[in-house]
Amino acid sequence: MPEPSYVTIFMAWPYVNAPLHLGHVAGNCLPADIQYRYERARGRKVLMCSGSDEHGTPITLTAEQLGVTPQEVVDEYHEMALKSLTDLGCSWHINVDSRGVEYGGALYNRTSDHRHKELVREVFSNLLASNMLTKQTMEQYCSISGDSVRFLPDRYVEGTCPVCGAAEARGDQCDECGSTYEAHELLNPVSKLNPDAEIEVRETDHLFYRLDLFQESLEEHAATRNVVWKPNVRSMTKNWLDMGLRPRAVTRDIDWGIELPLDGDEWSSKRVYVWFEAVQGYYTCARIWSERFANSNGHPDGDSAWENWWKVSDDGTIPKHIYFMGKDNIPFHTVIWPAIIMGMNSTASGNPVSSIPAPGDLALEYNVSSNEYLMLQGGQFSKSRKHAVWLPSFLEKYDADSLRYYLSINMPETHDTDFRWNEFVDRVNNELIGTYGNFVHRVMTLTHRLPESGSNPLVDYDDPEFHADIIDESMKILESAISSMERQRFKEALRSIMGIAQIGNVLLQNAAPWKYINSDDSEERRESLSSLAMAWRLCRTLSVLTRPFMPFQSDRLWGMLGEDSDIDSVLWDESLATDNALNWCPDSPQPLFSRLDLDEIIADEMSLVEDGNINDPDHSPGDGADYIEFEDFLKVQMKTGKITSVDDHPNADKLLVIKIEDGPGTTRTVCAGLKGIYDESDLLGLNVVYVANLEPRKLRGVLSEGMILAADDGDGIVRLLTPDGEITPGSTVR
RNA sequence: AACGGGUUGGAGUAGUCAGGUUAUCUCGUCGGGCUCAUAACCCGGAGAUCGGUGGUUCAAAUCCACCACCCGUUACCA
């Protein structure tokens, strides 16, 4: 079978009721973009599809709380998501490939798109017509307050467990004893949304997708994919298939969502269930891309252009579909979505359900690449506990490429990994800047010290054949990186590529061109400078190879190399070619990255560190798990002091610089994260308690000699601890 | 609780499905070199009884059983 040149990259649709956080980035946003850019760099025709998933129940709750419509909520977060993805260097805003529309492009769409809704209704009707949807009656809680009747999802109902009598059992299952039961069995049901409302159980009809019809085909399909799936995908899928598939509801009682293509009052209050609809976005997005961009940009197939990326061609070539998502989404992509695709194929062709798409059928996935979770300082990202690093605010302060590097090299490919600020700083400073950025910078500055007259001074010394060993070694690395990328092994690939910078550093070390910059012509000088020329070529290689991972610096380097061609048209396979001329940019070279300062970052992220580590109720002592020794307690010296001056920290948003009289005639300076909580006038003259023997630390440039004690309830209320009356500054607290 | 995943030198990791020479790579650390470069670069060393116990095998990080700890999921949650 010929190698498919059509590749489609699918990123799981972010659920937009909050900004994106770094967990989303590491889990699917970044891998999808890296793979997309990689596939382009291999010369393939790539379409990338995703968008905002906008029809979940929590969005309606957010809207109610804010007093706005759900549409307003998703409008805001959709724009925010698209902007932060663009700021991160993801390719979503480039709808048409720079090589030409026949090479594809990208579309970050949204499920409230009218065309998405139309296409979903079309699929819905087709599946209904071929008896793949079946009507079942189910019992469902609803809350009644006044005239309004509202169906409630089980998770929004709680009551007394009919089995063990525990309170706060959920609508369908008791967390205490683990029993599951039918909706009507729960005792004293109460709505969590509106505790005063009367609750009763009513019958309601819904349509169900006959997943059971696909059991066998899905098992066959899984068997063919087991060789490419990672172990977590294999086992999660097997688990689902082994449990046996049952029909699954595709409609629900709610008014936020896609209306059903059905007549009759019975259906008018129901909507397409979001799992069934959002996942179809992969398909609708490709079609919508064609309609909006392919035709108008002259794609020969016009509105049907999407078929190149979705349908099995007449010669049996299957477009390669790669999906990226977090581990929570695996069964949706290995079981449910393939079942829907098989259903659509069978419906369209009239053929029986099959795991092997025929020419003209929609393709099933090639690989489902699922990452585990990125944890934050050891804990899970959590919206409700505000334990998260939000992408928009991160990108306001830090370089997108640095983040992309750290998350790529630390990607949770096979198990959970941690985002830690100190590790972020270490890896960026030592690996990214020390090895790679520094290599590029030394090549650039060395070359710029040579006498030049408008062209690259290394041209006279350029002799790549003399460095065949370097090229060989680099070629091996390139091949290994390609092999890694073909299997979605990003860490491995990036580490390989960084190896080329290391080769370059060794090359320079051995050639020592700095000795010959200003010396007279000699055999040694010519040899040394030919190594520098080779190093220059390696910089060009690196600019191409690092591009999928760190696009912004790649552009900057490309510019410093004096290259004015479109870097996206340079293939990885040609990145080590030596037949191109050395170009030149006369501007003096700038470092690719700036070093990070951990102290500054900690000062900036202070609230976050506190939320995560100190005030986390799940980790506070008191449950007996985390006792400290009395001797340890004695190590902490706490004293009283009187605040004598308060100034805004010149270089921090949350810090105040506070001077404390800490003894007779002596003062010390302490930085405290109290800005916005206390005013200067509140604090002056106040007696406070502080930790006196904390190691002094610079916070954003100001030395802080201690820490003022304050109570924080985690909900934004912060109160300083003060002695109950006047007392001499410097008094011991114990 | 059930189910799924994890536990590898100081930290982070690869290898585990298809058992087999001195267990991978990055960081850190120690010693040396270089001094062009963003205190960066290069070379070398030390450091792991692969969570525990038992089993299968000529051979186990890898397969099996049990135990401990960590994480996640349990489907109207996206």
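In this text, all values refer to a predicted model and were calculated from it rather than measured experimentally. Hydrogens, waters and symmetry mates are skipped; everything else that's a heavy atom, side chains included, is used. Reminder, nothing fancy here: chain letters follow the sequence lines and each chain counts from 1.
Both Asn410(A) and Gly56(A) lie near RNA chain B, and the one whose nearest nucleotide falls closer to the 5' end is Asn410(A). Nearer the 5' end of RNA chain B, as judged by each residue's closest nucleotide, is the contact made by Asp426(A), out of Arg248(A) and Asp426(A).
Annotation: rA75(B) and rA65(B) have their P atoms spaced 28 Å apart (nearest Å). The C1' atoms of rA40(B) and rG33(B) are separated by 15 Å, rounded to the nearest whole Å. Comparing the C1' positions of rG28(B) and rU13(B) gives an interatomic distance of 14 Å, to the nearest angstrom. For the C1' atoms, the distance linking rG47(B) with rU56(B) amounts to 33 Å, nearest Å. A gap of 27 Å separates the P atoms of rG12(B) and rU22(B), to the nearest Å. Nucleotides rC66(B) and rU24(B), compared at atom P, are 32 Å apart to the nearest Å. When the P atom is used for both rG9(B) and rC42(B), the distance is 26 Å, rounded to whole Å. Look at the P atom in both rC17(B) and rU62(B): the space between them is 10 Å, to the nearest Å.
In this structure, Leu407(A) places its CG atom 14 Å from C1' of rG12(B), rounding to the nearest Å. Summarising the geometry, the separation between CG on Asn371(A) and P on rG4(B) is reported as 22 Å, rounded to the nearest angstrom. Across the protein-nucleic acid pair, Leu598(A) atom CG and rC27(B) atom P stand 18 Å apart, rounded to whole Å. In this structure, Leu494(A) places its CG atom 14 Å from C1' of rU13(B), rounding to the nearest Å. For Glu431(A) and rG12(B), the CD to P distance is 15 Å, given to the nearest whole Å. If you take CG of Asn329(A) and C1' of rG4(B), they are 16 Å apart, rounded to a whole angstrom. Summarising the geometry, the separation between CD on Glu372(A) and C1' on rU7(B) is reported as 14 Å, rounded to the nearest angstrom. Between the C1' atom of rG12(B) and the CZ atom of Phe424(A) lies a distance of 16 Å, rounded to the nearest Å.
A salt bridge (Lys or Arg N to Asp or Glu O under 4.0 Å) with Lys270(A) is found for exactly one of Asp255(A), Asp253(A), Asp205(A), namely Asp253(A).
Checked by atom type, the side-chain pair Ser588(A)/His448(A) shows no donor-acceptor distance below 3.5 Å.
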Carefully, step by step, assess Phe419(A) and Trp421(A) under the rule ring pair (Phe, Tyr, Trp, His ring centres under 6.0 Å). CA-CA 7 Å; Phe419(A) 181 93; Trp421(A) 287 101; 5.0 Å; yes
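Summarising the geometry, atom OH belonging to Tyr516(A) is positioned 6.5 Å from atom OG belonging to Ser522(A); distances are rounded to the nearest 0.5 Å. Taken to the nearest 0.5 Å, the CG atom of Asp426(A) stands 6.0 Å off from the CG atom of Asn422(A). In this structure, OG on Ser594(A) lies 7.0 Å from CD1 on Ile433(A), to the nearest 0.5 angstrom.
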What string of B, S and - do you get for nucleotides 32-44 of chain B, 5' to 3', if B is base contact, S is sugar-phosphate-only contact and - is no contact with any protein heavy atom under 4.0 Å? -BSSBBB-SBSS-
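Nearest heavy-atom pair across Leu592(A) and Arg556(A) is O-NH2, 2.6 Å.
Listed by first residue number, the stems of RNA chain B with at least three Watson-Crick or G-U pairs below 3.5 Å are B:1-7 with B:68-74, B:10-12 with B:25-27, B:29-33 with B:41-45, B:51-55 with B:63-67.
Here Arg489(A) reaches the OP1 or OP2 of rG15(B): one of its side-chain N or O atoms lies under 4.0 Å away.
The residues Arg487(A) and Glu492(A) are annotated as salt-bridged, a charged nitrogen and a carboxylate oxygen being separated by less than 4.0 angstrom.
Aromatic rings from Phe332(A) and Tyr323(A) are positioned such that their centres are separated by 6.0 Å or more.
Between the side chain of Thr224(A) and the backbone N or O of His221(A) there is at least one donor-acceptor pair closer than 3.5 Å.
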